[in-house]
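To find a chain, count down the sequence lines: A is the first, B the second, and so on, and within it residues start at 1. Since we're looking at a predicted model, the values are computed, not measured.
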Amino acid sequence: MKLATWNVNSVRARLPRVTAWLESARPDVVCLQETKVEDADFPHEAFTALGYTCTVFGQRTYNGVAIVSRQPVVDVTTGFGDGDADAEARFICATVAGIRVASLYVPNGKVVGDPKFEYKLRWLSRLQTWLERNATPDVELALCGDYNIAPDDRDVYDPDGWRDQVLCHPSERAAFGRLIDWGLQDVYRRFHQEGGLYSWWDYRQLGFPKNRGLRIDHLLCTRKLADRAQRASVDREARKGKEPSDHAPVIVEFV
DNA sequence: ATGGTTGCTTAGCAA
């Protein structure tokens with residue numbers, strides 16, 4: 001069971017890259033973020049042609065998440081269902097092969113102190129509440145997505161330059177820590193303790209060639225599921241070449 | 001040095 005997460009930065013602009021990657025990597029499930037398309041316009045045909053079905057929660061221009069799967073998907077929910085009037089499409093959850101899988105796109109936050117940063121912290125708090133109300137640590141659950149959080153300094157190419165900045169601020173790292181404390185495991189980190197391993201590189205100033213990146217895309221799994229993990233990787237090849245996303249896929253393989 | 005790159009939508013925002 002090969003499970004991946006990938007912020008594609010527009011599924012329509014990235015479609016040739018995404019389909020080529022599905023053909024070469026052949027994951028069972030991929031959680032996509034920043035699809036940037038309304039559900040009615042999602043390019044389902046390109047995926048069905050490869051044997052995948054897409055379960056989508058999108059919106060025009062911004063955000064948008066999807067679960068792309070080779071196996072049937074059931075029990076789909078979108079948003080947190082917490083009564084908040086939030087209209088941003090950032091969370092979808094479904095069951096695939098007996099595993100509860102979520103694709104999530106945490107707000108970027110823009111800059112510490114900005115209202116968007118407060119929204120990010122609120123959103124993370126709502127995610128925590130969703131988790132406490134809708135799951136227990138003894139089920140097989142994977143929260144996959146672009147967290148827009150580098151959990152610690154090993155996940156940052158220039159920790160001092162990023163100190164207390166958005167994506168690295170102690171308040172968002174604490175929110176990430178609460179997910180871990182609840183009973184989720186950062187499975188990629190379990191397999192790779194060293195620094196310098198990233199999932200996102202800025203398009204600007206040769207970020208990727210210089211490996212000036214951050215590890216902000218994560219698959220957080222309950223212990224019961226994490227115990228089945230065999231390996232984890234970042235597919236840096238998908239960040240190379242013509243018109244890439246600024247993120248690379250992160251992959252975990254389970255028995 | 002307050003830049004730089006990309007996508008969506010078409011000049012400005014978000015990342």
Side-chain angles (χ1 to χ4, degrees), chain A residues 5-21 30-43 46 54 56-66 68 86-92 103-124 127 144-151 155-158 160-169 171-173 175-176 198-218 234-250:
Chain A
T5 186
W6 192 11
N7 180 326
V8 291
N9 186 17
S10 171
V11 71
R12 288 181 292 186
R14 213 65 57 210
L15 198 53
R17 301 277 314 219
V18 172
T19 53
W21 185 78
V30 190
C31 296
L32 302 181
Q33 300 85 38
E34 283 207 87
T35 54
K36 297 188 175 181
V37 63
E38 291 178 297
D39 293 350
D41 297 324
F42 193 96
C54 300
V56 300
F57 181 44
Q59 68 179 92
R60 173 190 149 100
T61 311
Y62 304 118
N63 310 317
V65 287
V68 178
D86 190 357
E88 300 195 3
R90 296 180 177 275
F91 186 84
I92 186 168
S103 179
L104 63 89
Y105 177 45
V106 177
N108 170 283
K110 189 171 181 177
V111 63
V112 175
D114 190 278
K116 289 182 190 303
F117 189 73
E118 298 308 314
Y119 173 68
K120 179 182 197 173
L121 296 180
R122 253 194 341 271
W123 197 93
L124 287 164
L127 173 62
C144 314
D146 178 358
Y147 282 74
N148 271 313
I149 299 170
D155 303 312
V156 185
Y157 70 88
D158 176 15
D160 290 328
W162 281 86
R163 184 88 50 220
D164 295 341
Q165 303 296 306
V166 71
L167 312 187
C168 300
H169 192 270
S171 58
E172 47 194 312
R173 284 179 167 175
F176 189 88
Y198 310 128
S199 65
W200 169 83
W201 301 259
D202 201 303
Y203 281 127
R204 297 167 289 188
Q205 298 177 312
L206 301 173
F208 184 69
K210 294 179 175 178
N211 198 29
R212 297 168 66 85
L214 279 74
R215 193 177 70 93
I216 57 176
D217 300 271
H218 311 291
V234 173
D235 189 352
R236 293 175 52 96
E237 296 302 313
R239 182 62 176 77
K240 299 176 181 174
K242 192 169 182 285
E243 297 182 347
S245 169
D246 45 354
H247 296 250
V250 183

[X]: which residues meet the salt bridge (Lys or Arg N to Asp or Glu O under 4.0 Å) condition with it, sequence neighbours left out?
X	answer
A/Lys116	none
A/Arg215	A/Asp155, A/Asp186
A/Asp160	A/Arg163

Under 4.0 Å between any heavy atoms, over every strand shown, what does [X] touch: base, sugar-phosphate, or nothing? Just pick one.
X	value
A/Arg212	nothing
A/Arg12	nothing
A/Tyr105	sugar-phosphate

Measuring only the [atom1] atom in each nucleotide, how far is [N] from [M]? A whole number of Å is fine.
N	M	atom1	value
B/dT9	B/dA15	C1'	16 Å
B/dG4	B/dA14	C1'	15 Å
B/dA11	B/dA1	P	33 Å

With sequence neighbours excluded, tell me which residues meet side chain to side chain contact (heavy atoms under 4.5 Å, CB included) with A/Tyr62.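 Only A/Gln59 meet the side chain to side chain contact (heavy atoms under 4.5 Å, CB included) criterion with A/Tyr62.
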Under the side chain to side chain contact (heavy atoms under 4.5 Å, CB included) test, which residues partner A/Arg14, sequence neighbours left out?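 If we apply the side chain to side chain contact (heavy atoms under 4.5 Å, CB included) test to A/Arg14, skipping adjacent residues, the hits are A/Val8, A/Asn9, A/Arg17, A/Val18, A/Tyr203, A/Glu243, A/Ser245.
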Please list, in 5' to 3' order, the outermost nucleotides of DNA chain B lying under 4.0 Å from any heavy atom of chain A. B/dG4 to B/dA15
Treating A/His247 as the side-chain partner and A/Thr5 as the backbone partner, does any N or O pair qualify as donor plus acceptor under 3.5 Å? no
